[in-house]
Amino acid sequence: MAQPAFVPDPEPPREPSFDVLGDFDEPWTAQLALDLLPETNGPKVEVLSGSVIVTPHAGYDHQTIELDLAYLLKQAARRAKLWLYHEVNVVSGDDLYIPDIVVLRSPGGGHVSMPISEAVLLGEIVSKGNRRKDVIDRPRQYAAAGVPFFLRADFRNRVPALALHELSDGEYRPVAAAAAGTTFVMKEPFEFTIDPADLLDEADDGAR
């Protein structure tokens, strides 16, 4: 009687791991990164022009502004039937971005990533180590992808400032700006008003 052919047990599926960064020698794409790299609450892992870009968290001022600004903007966005998130995956062709602020036309619930075509506004908080990226590179990339609005928050010398730009003829043009001690007034893509000074944590006069 013929013996049944031996069939080896299938290998268990490979768990996503950052170890693959040292083994992979082909250009990276957004989809490859989403498939092969693990989810992380640590550094940002983005893909740009075929390369994986890993960025550690910025300092406390950056994180404070990002969280507070996202919280306040989210309430205003929802009144306009838009959905706001911070540090989520946005796919543009083969590139994978993780903007500090993301405002979408439709909810991202249940999704790992969203296409950049769903973005109404993308925002970046400028950090010292990534000033060129946040001030020059990302606005160009987002404009090329057709994102209608770009919001930039800056805190050089610990003086918070906000600037909103609108896409016009393929480039962003400033439409609203204010620094700490004055009022930032945004009309589009939804109404929002704030004194940028409210975005930084400062000790109370009586705090030790």
**Heavy-atom closest pair, residues V112 and N89** = O-ND2, 3.0 Å
**Prompt:** Within the side chain of D195, is there an N or O that forms a donor-acceptor pair under 3.5 Å with the backbone of G181?
**Reply:** yes
**Prompt:** With a 4.5 Å limit on heavy-atom distance, are the side chains of R140 and I136 in contact?
**Reply:** yes
**Message:** Within this structure, what is the CE-OG1 distance for the pair M186 and T193, rounded to the nearest 0.5 Å?
**Reply:** 9.0 Å
**Prompt:** Does D154 use its side chain to pair, donor to acceptor, with the backbone of A161 at less than 3.5 Å?
**Reply:** no
**Prompt:** Are Y142 and Y97 close enough that their ring centers fall under 6.0 Å?
**Reply:** yes
**Request:** Measure from the side-chain N and O atoms of T29 to the backbone N and O of L32, and report whether any donor-acceptor pair falls under 3.5 Å.
**Result:** yes
**Request:** Indicate the atoms forming the closest heavy-atom contact of A145 with I116, along with that distance.
**Result:** CB-CD1, 3.6 Å
**Prompt:** Taking C-beta and beyond as the side chain, do R132 and V126 meet within less than 4.5 Å on heavy atoms?
**Reply:** no
**Message:** Please report the interatomic distance CD(E118) to OG(S106), rounded to the nearest 0.5 Å.
**Reply:** 3.5 Å
**Prompt:** Taking it one step at a time, do L164 and Y172 satisfy side-chain contact (heavy atoms from CB on, under 4.5 Å)?
**Reply:** CA-CA 9 Å; L164 177 70; Y172 285 125; over 6 Å; no
**Message:** Looking at every non-hydrogen atom in both residues, tell me the closest pair between S127 and D134 and how far apart they are.
**Reply:** N-OD2, 3.4 Å
**Prompt:** Taking everything shown except R156 itself, do over 12 heavy atoms lie less than 6.0 Å from its CZ?
**Reply:** no
**Request:** Please work out which of the three classes, parallel, tilted or perpendicular, describes the rings of F155 and H62, given edges at 30° and 60°.
**Result:** perpendicular
**Prompt:** If you measure from CD1 on I101 to CG on L84, what distance do you get to the nearest 0.5 Å?
**Reply:** 5.5 Å
**Prompt:** Do K74's NZ or CZ and the ring of Y85 fall within the cation-pi criteria of under 6.0 Å and 45°?
**Reply:** yes
**Request:** Taking atom types as modelled, find out whether D137 and Q141 have a side-chain donor-acceptor pair closer than 3.5 angstrom.
**Result:** no
**Row check, W83 ring normal vs R105 NZ/CZ: under 6.0 Å, within 45°** = no
**Message:** Within the structure provided, determine whether L104 and V102 are in side-chain contact (heavy-atom separation under 4.5 Å).
**Reply:** yes
**Prompt:** Taking all non-hydrogen atoms of both residues, which atom of L162 and which atom of A153 are closest, and how far apart?
**Reply:** CD2-CB, 3.5 Å
**Item:** Minimum-distance pair of heavy atoms, taken over all atoms of F190 and L82
**Value:** CD2-CD1, 3.8 Å
**Message:** I want to check something: taking the side chain as every heavy atom from C-beta on, are R158 and L200 in contact at a cut-off of under 4.5 Å?
**Reply:** yes
**Message:** Any non-hydrogen side-chain atom of E166 less than 4.5 Å from a side-chain atom of E188?
**Reply:** no
**Prompt:** So do the side chains of L151 and F184 get within less than 4.5 Å of each other, counting heavy atoms only?
**Reply:** yes
**Request:** Nearest 0.5 Å please: distance from the CG atom of L67 over to the CD atom of E87.
**Result:** 8.0 Å
**Request:** Determine, for E46 against R138, whether the closest basic-nitrogen to carboxylate-oxygen distance falls under 4.0 angstrom.
**Result:** yes
**Side chain proximity check, K44 to I98, heavy atoms < 4.5 angstrom** = yes
**Fill in**
Correct closest heavy-atom pair for P99 and E124 would be CA-OE2, 3.4 Å
**Validation row: L199, T64 side chains within 4.5 angstrom (heavy atoms)** = no
